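Since this is a predicted model, take the numbers as computed values, not measurements. We use all heavy atoms of the structure for the numbers below, so side chains are in, but hydrogens, waters and symmetry mates are not. The first residue of the sequence shown is numbered 1, and numbering continues consecutively from there.
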Amino acid sequence: MVNRQIIDDRDTSLSVEDFAALRENLHEQRLFRQEQLLQLSAAALRADAFLDRQAASQTEVRVKLAASARMVLADVEAALKRMDECRYGGCHLCRRPIARERLLIVPQARYCTRCQQVREAGR
């Protein structure tokens, strides 16, 4: 497992094709989250018509889903902005490149694996 981490940390270079695929992935994620927020808003309007116990419960779930979707959408848009500004792929904490494999899995990642683990451990 340790060897895998060392290999992942060294493989940080993104090819032109990787970069294009990541940009396309981020655009798709942005469209998905925007559509999700529209659907959640429409469902909330329909639920306002009848407020009973079940509708209140569903409203709470929709509010949490919408908050999550807005958070992911903000991360995706921030990643696209970093791409446009040629700052994409660097860790916001240690400033080292984020592993290619990590970016292919989580293209909106702001932190390398090590810094992400430190942040999560600090919560």
Using residues 69-81 as the side-chain source, report each donor-acceptor pair under 3.5 Å to any protein atom, sequence neighbours left out, with the distance given to one decimal.
residue	atom	partner	partner atom	Å
Asp75	OD1	Arg110	NH2	3.3

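- Interatomic distance, Leu65 CG to Glu60 CD, rounded to the nearest 0.5 Å: 11.0 Å.
- In this structure, Arg33 CZ and Gln36 CD are separated by 5.0 Å, a value rounded to the nearest 0.5 Å.
- The NE2 atom of His27 sits 8.0 Å away from atom CE of Met83, with the distance rounded to the nearest 0.5 Å.
- Note that CG of Leu14 and CD1 of Ile98 are 9.5 Å apart. Values are rounded to the nearest 0.5 Å.
- Taken from CG in Leu22 to CD in Gln29, the straight-line distance is 10.0 Å, to the nearest 0.5 Å.
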- request: Dump the intermediate steps for side chain to side chain contact (heavy atoms under 4.5 Å, CB included) on Glu101 and Leu104, then the final yes or no.
  value: CA-CA 5 Å; Glu101 182 175 311; Leu104 292 175; 5.7 Å; no
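- The backbone N or O of Leu37 sits less than 3.5 Å from a side-chain atom of Ser41, completing a donor-acceptor pair.
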Determine all donor-acceptor pairs shorter than 3.5 Å in which one atom belongs to a side chain in residues 87-95; sequence neighbours excluded.
residue	atom	partner	partner atom	Å
Arg87	NE	Glu85	OE1	2.8
Arg87	NH2	Glu85	OE1	2.8
Tyr88	OH	Pro107	O	2.6
Arg95	NH1	His92	O	3.1

task: Apply side chain to side chain contact (heavy atoms under 4.5 Å, CB included) to Glu28 and Phe32, showing your working.
output: CA-CA 6 Å; Glu28 288 173 10; Phe32 173 78; over 6 Å; no
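- No continuous path of ILVMFWY side-chain contacts below 4.5 Å connects Leu103 to Tyr111, so the two sit in separate hydrophobic clusters.
- Here Arg82 contributes atom CZ and Leu26 contributes atom CG; the two are 8.5 Å apart, rounded to the nearest 0.5 Å.
- Between the Asp18 side chain and the Ser15 main chain, a donor and an acceptor come within less than 3.5 Å of each other.
- Val106 is not listed as a side-chain neighbour of Gln116, based on a closest heavy-atom distance of 4.5 Å or more.
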